[in-house]
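Worth knowing before you read on, the calculation uses all heavy atoms, side chains too, and leaves out hydrogens, waters and symmetry mates.
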There are 2 protein chains.
Amino acid sequence: MEGFGDYLRKVREQRRSSDATFSVRQLASRVGVEPSYLSKVERGQQPPPSEKTIAALASELDEDADVLLALAGKVSGDLQSIIRRRPKLFADLIRQLKDMPDHAVLRLVREVRDGEW
Amino acid sequence: MEGFGDYLRKVREQRRSSDATFSVRQLASRVGVEPSYLSKVERGQQPPPSEKTIAALASELDEDADVLLALAGKVSGDLQSIIRRRPKLFADLIRQLKDMPDHAVLRLVREVRDGEW
DNA sequence: CCATCCGTGTACCATATACTACACACTACC
DNA sequence: GGTAGTGTGTAGTATATGGTACACGGATGG
């Protein structure tokens with residue numbers, strides 16, 4: 001399976017092909033980490049960074065933070081805090097949706113969003 | 001606000017009033033930690049234990065693990081892994097449900113469970 | 001009065017997390 | 001051939017996490 005590092009490198013190289021400021025060094029600088037650290041993360045020599053750093057990466061690379069966090073084996077703190085406010089409710093719902101096909105969950109998302117229920 | 005420790009102590013004392021095996025020592029032993037550690041956790045001198053230990057406590061005390069974890073500021077690993085499999089889908093859904101009243105979310109849970117949709 | 005339970009205080013510890021600091025070798029440009 | 005930029009290797013570090021080990025003083029019961 002493609003890990004966090006592989007994906008990160010792929011996306012960054014992609015961006016770099018049309019924008020030289022997406023070098024390891026410059027991206028690292030904008031994100032607020034050392035270049036060697038970012039390099040190691042991309043090559044899987046270091047585990048994925050903290051949520052904060054991942055969020056900065058997502059923002060710079062114009063990627064979805066939740067997807068990046070997922071690849072890093074994490075779930076964003078704000079989602080967690082929503083769940084923690086009503087643990088039983090959300091735990092039940094999420095476990096029930098576990099094996100539902102994507103389109104079914106998506107339909108639910110849309111129905112809630114559009115207030116058609 | 002009532003913390004994890006306060007709640008834990010309250011529940012344990014409750015159980016203890018009708019079952020002497022719910023002393024700090026004996027419970028700690030069944031759960032697999034040192035009694036002094038459990039004592040400190042109950043009094044908030046130590047932060048809440050790991051998910052594994054919380055799960056064991058929940059099981060022994062016949063409490064809801066998700067609720068206990070929430071009090072500890074955590075979200076269970078299995079819920080997180082469900083979310084991570086489809087990050088966008090679940091992130092959207094959860095954020096949309098953030099400010100919905102309990103009864104609305106509950107209705108959703110029931111509808112999904114009963115397949116009436 | 002002794003054994004056994006009780007809760008708790010003090011001190012310590014192993015492992016994981018999330019990095020920094022700096023040097024090195026390579027390439028490209030003018 | 002110096003300067004600027006590139007990726008990466010080595011070494012070290014601060015803080016958090018999740019506990020253990022053991023001793024102490026008090027109550028309880030035979």
Side-chain angles (χ1 to χ4, degrees), chain A residues 3-58 60-61 65 68-77 80, chain B residues 3-58 60-61 65 68-77 80:
Chain A
F4 177 83
D6 298 321
Y7 183 75
L8 182 57
R9 169 141 297 191
K10 198 182 69 188
V11 171
R12 187 185 54 75
E13 296 277 85
Q14 181 65 36
R15 296 294 246 98
R16 200 198 176 180
S17 67
S18 64
D19 184 341
T21 71
F22 283 89
S23 68
V24 169
R25 276 172 186 271
Q26 296 193 45
L27 179 58
S29 158
R30 291 201 298 276
V31 160
V33 296
E34 288 286 312
S36 66
Y37 177 61
L38 182 57
S39 171
K40 275 174 287 193
V41 168
E42 285 193 350
R43 286 168 299 130
Q45 266 191 30
Q46 286 271 339
S50 66
E51 177 174 350
K52 192 180 154 189
T53 297
I54 291 174
L57 283 168
E60 282 296 327
L61 294 168
L68 238 48
L69 283 167
L71 282 169
K74 313 196 183 209
V75 170
S76 91
Q80 295 195 39
Chain B
F4 177 82
D6 299 320
Y7 183 75
L8 182 55
R9 170 141 298 191
K10 197 182 68 188
V11 171
R12 186 185 55 76
E13 296 277 85
Q14 182 64 34
R15 298 292 247 100
R16 198 197 180 181
S17 67
S18 66
D19 184 341
T21 72
F22 283 89
S23 68
V24 169
R25 279 171 183 272
Q26 296 192 45
L27 179 58
S29 156
R30 290 201 298 276
V31 160
V33 295
E34 288 287 313
S36 67
Y37 177 61
L38 182 58
S39 171
K40 276 174 286 192
V41 168
E42 284 192 351
R43 287 169 299 130
Q45 265 191 29
Q46 286 272 337
S50 66
E51 177 174 349
K52 194 181 154 187
T53 297
I54 291 175
L57 283 168
E60 282 297 327
L61 293 167
L68 238 49
L69 283 167
L71 283 169
K74 313 197 185 209
V75 169
S76 90
Q80 294 197 39

Starting at the 5' end of DNA chain C and moving along, which residue's nearest nucleotide shows up first, V24(B) or K40(B)?
-> V24(B)
Which part of the nucleic acid does E42(A) contact within heavy-atom distance under 4.0 Å: base, sugar-phosphate only, or nothing?
-> nothing
Has R9(A) got a side-chain N or O lying under 4.0 Å from the OP1 or OP2 atom of dT8(D)?
-> yes
Taking only N and O in the side chain of S50(A), is any of them less than 4.0 Å away from OP1 or OP2 of dC19(C)?
-> yes
For Q46(A), answer base if it contacts any base atom (sugar-phosphate contacts may also be present), sugar-phosphate if it contacts only those atoms, and nothing otherwise; contact means non-hydrogen atoms under 4.0 Å.
-> base
With DNA chain D as reference, determine whether R25(B) or Y37(B) sits nearer its 5' end, using the nearest nucleotide of each.
-> Y37(B)
What about T53(A): does its side chain form a donor-acceptor pair under 3.5 Å with the base of dA18(C)?
-> no
Stepwise salt bridge (charged side-chain N to carboxylate O under 4.0 Å, His left out) test for K74(B) and E51(B) | CA-CA 8 Å; K74(B) 313 197 185 209; E51(B) 177 174 349; over 6 Å; no
OP1 or OP2 of dG7(C) less than 4.0 angstrom from a side-chain nitrogen or oxygen of S23(B), does that happen here?
-> yes
Does a side-chain N or O from R43(A) land closer than 4.0 Å to OP1 or OP2 of dG7(D), or not?
-> no
Would you tell me if any nitrogen or oxygen in the side chain of R16(A) comes within less than 4.0 Å of OP1 or OP2 on dG5(D)?
-> no
Please evaluate the base of dG9(C) for a donor-acceptor partner in the side chain of S36(B) within a cut-off of under 3.5 Å?
-> yes
Looking at F22(B), does the NZ or CZ of R15(B) lie under 6.0 angstrom from its six-membered ring centre and within 45 degrees of the ring axis?
-> yes
Dump the intermediate steps for side chain to side chain donor-acceptor pair (under 3.5 Å) on R43(A) and S39(A), then the final yes or no.
-> CA-CA 6 Å; R43(A) 286 168 299 130; S39(A) 171; 2.9 Å; yes
Do any N or O atoms from the side chain of Q80(B) and from the backbone of V75(B) form a donor-acceptor pair under 3.5 angstrom?
-> yes
Atom CD of E13(B): over 12 foreign heavy atoms under 6.0 Å = yes
Side chain of K74(B) only, please: which of dG18(D), dG7(D), dT20(C) is the nearest?
-> dG18(D)
Select base, sugar-phosphate, or nothing to describe what P35(A) touches, counting heavy atoms under 4.0 Å on all strands.
-> base
Nearest-Å distance, CD (E34(A)) to P (dG9(D))?
-> 16 Å
From the list dA21(D), dC19(C), dG7(C), which nucleotide is the closest neighbour of the side chain of P49(A)?
-> dC19(C)
Proximal nucleotide (of dC5(C), dT10(D), dG19(D)) relative to the Q26(B) side chain | dC5(C)
